**Q** 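Right, I'll just put the structure down here and ask away after.
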Amino acid sequence: MSGQPHTGSAAPQVRVANVANMLTVLRLVLVPVFLVALFAGDGHETPWRITAFTIFTVAVITDRLDGALARSLGMVTEFGALADPIADKALIGAALIGLSVLGDLPVWVTVLILSREIGITVLRLAVLYRGVIPASRGGKLKALVQAVAIGLFVLPVSGTWLTFAWTVMLVALVLTVVTGIDYVVAAVRDTARTRR
């Protein structure tokens with residue numbers, strides 16, 4: 001979600017307790033529930049992995065919905081602008097770390113993606129005084145491809161499906177790196193522009 005625009009003191013106050021923010025909080029609540037399902041049994045029982053995939057999918061859908069609702073219904077708040085990316089990182093981070101712990105995903109993949117996500121989050125917070133950095137189209141595509149790739153690895157796939165999962169994951173990794181560099185370059189340019 002993008003940050004709330006500063007339109008002056010006459011702008012109506014938006015309630016923090018709105019549907020969009022409730023969906024964001026729901027996503028945060030679903031993270032530990034997802035982890036319980038992911039690690040249930042020996043961590044590789046098909047019914048539990050399908051359950052974990054379902055929970056992960058619901059959480060990802062809330063990510064798509066909360067931002068859309070906030071913008072279309074005028075529910076954008078500073079809380080939502082900050083909590084939304086935190087909820088995203090918590091979900092993606094939990095899934096990646098969980099999959100690596102179970103041996104289903106190499107640690108280097110998790111480290112690469114999380115390093116980028118944490119780095120960009122820190123960057124967003126560092127320049128927060130100038131306003132929230134909105135997600136670019138590339139960033140949104142990256143988030144979608146990441147979610148699809150991780151979801152495929154959560155499922156008990158093998159053979160052709162595993163190959164497909166790796167193909168999607170490699171695309172996600174490329175987008176992760178490219179969009180990360182793009183955010184940094186944009187932030188540096190913006191900083192240099194404001195100092196002039």
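Remember, it's a predicted structure, so these values are computed and weren't measured experimentally. Computation of the quantities below employed the complete heavy-atom set of this structure, encompassing side-chain atoms and omitting hydrogens, waters and symmetry-equivalent molecules.
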**Q** Once you round to the nearest 0.5 Å, how far does CD1 of Ile181 lie from OG1 of Thr176?
**A**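 Reported value, rounded in 0.5 Å steps: 11.0 Å.
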
**Q** Is a salt bridge present between Asp182 and Lys142, judged by a nitrogen-to-oxygen distance below 4.0 Å?
**A**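 Salt bridge: no.
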
**Q** Please assess Phe39 against Val101 for the test side-chain contact (heavy atoms from CB on, under 4.5 Å), listing each intermediate value before the final yes or no.
**A** CA-CA 10 Å; Phe39 283 95; Val101 169; 3.8 Å; yes

**Q** Please examine the side chains of Leu141 and Thr179, heavy atoms only from C-beta on, and report whether any two atoms are closer than 4.5 Å.
**A**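 Of all side-chain heavy-atom pairs linking Leu141 with Thr179, none is under 4.5 Å.
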
**Q** Excluding sequence neighbours, so at least two apart, what forms side chain to side chain contact (heavy atoms under 4.5 Å, CB included) with Val171?
**A**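 Val171: side chain to side chain contact (heavy atoms under 4.5 Å, CB included) contacts with Val145, Leu175.
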
**Q** Measuring only between side-chain heavy atoms, which start at C-beta, is Glu45 closer than 4.5 Å to Thr51?
**A** no

**Q** Is Val177 reachable from Val174 through a run of hydrophobic residues whose side-chain heavy atoms are each under 4.5 Å from the next?
**A** no

**Q** Can you establish whether the number of heavy atoms outside Trp48 located under 6.0 Å from its atom CH2 is more than 12?
**A** no

**Q** Checking Arg49 side chain against Val154 main chain: does a donor-acceptor pair fall under 3.5 Å?
**A**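 Side chain of Arg49 to backbone of Val154: a pair is present.
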
**Q** Could you pull out the closest heavy-atom pair between Ala149 and Ala172, with the gap in Å?
**A**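 Ala149 and Ala172 have their closest heavy atoms at CB-CB, 4.4 Å.
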
**Q** Which pair of non-hydrogen atoms, one from Val31 and one from Ala94, has the smallest distance, and what is that distance?
**A** CG1-CB, 3.7 Å

**Q** Examine Ile86 and Tyr183 and state if one hydrophobic cluster contains both, with Ile, Leu, Val, Met, Phe, Trp and Tyr joined whenever side-chain heavy atoms are less than 4.5 Å apart.
**A** no

**Q** One pair to check against side-chain contact (heavy atoms from CB on, under 4.5 Å): Thr24 and Arg27. What are the steps and the verdict?
**A** CA-CA 5 Å; Thr24 299; Arg27 188 156 70 260; 4.2 Å; yes

**Q** Is Val58 reachable from Leu91 through a run of hydrophobic residues whose side-chain heavy atoms are each under 4.5 Å from the next?
**A**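 Yes; tracing contacts between hydrophobic side chains, which count when under 4.5 Å, links both residues.
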
**Q** To the nearest 0.5 angstrom, please state how far the CG atom of Leu162 sits from the CG atom of Asp104.
**A**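 Rounded to the nearest 0.5 Å, the CG-CG separation comes to 9.0 Å.
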
**Q** In Å and rounded to the nearest 0.5 Å, what is the CD1 to CG distance from Ile61 to Leu23?
**A** 11.0 Å

**Q** Taking ILVMFWY side chains as joined if any heavy atoms are under 4.5 angstrom apart, and letting links pass through other members, which residues group with Val111?
**A** Val107

**Q** If I take atom OG1 from residue Thr54 and atom CZ from residue Phe34, how far apart are they, to the nearest 0.5 angstrom?
**A** 11.0 Å

**Q** Using links of under 4.5 Å between side-chain heavy atoms of ILVMFWY residues, direct or through other members, which residues join Leu28 in one cluster?
**A**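 Members other than Leu28 - counting any ILVMFWY side chain reachable under 4.5 Å - there are none.
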
**Q** Rounded at 0.5 Å granularity, tell me how far CG in Leu112 sits from CD in Glu117.
**A** 9.5 Å

**Q** Would you sort out whether Leu96 and Leu105 count as a side-chain contact (heavy atoms from CB on, under 4.5 Å), showing the intermediate values?
**A** CA-CA 8 Å; Leu96 289 170; Leu105 195 65; 3.5 Å; yes

**Q** With hydrophobic residues grouped by side-chain heavy-atom distances under 4.5 Å, do Leu152 and Leu170 end up in a single group?
**A** yes

**Q** CG of Leu114 to CD1 of Ile92: how many Å apart, nearest 0.5 Å?
**A** 9.0 Å

**Q** For the pair Trp166 and Phe153, name the ring-plane relationship: parallel under 30°, tilted 30 to 60°, perpendicular over 60°.
**A**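 Plane angle over 60°, so perpendicular.
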
**Q** Taking all non-hydrogen atoms of both residues into account, name the closest pair between Gln146 and Ile113 and its distance.
**A**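 Scanning both residues completely, I find the closest heavy atoms to be NE2-CG2, 3.5 Å.
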
**Q** According to a 4.5 Å side-chain heavy-atom criterion applied to Ile, Leu, Val, Met, Phe, Trp and Tyr, with indirect links allowed, do Leu155 and Val36 form part of one hydrophobic cluster?
**A** no

**Q** What closest approach, in Å, do Ile150 and Ala95 show between heavy atoms, and which atom pair accounts for it?
**A** CG2-CB, 3.5 Å

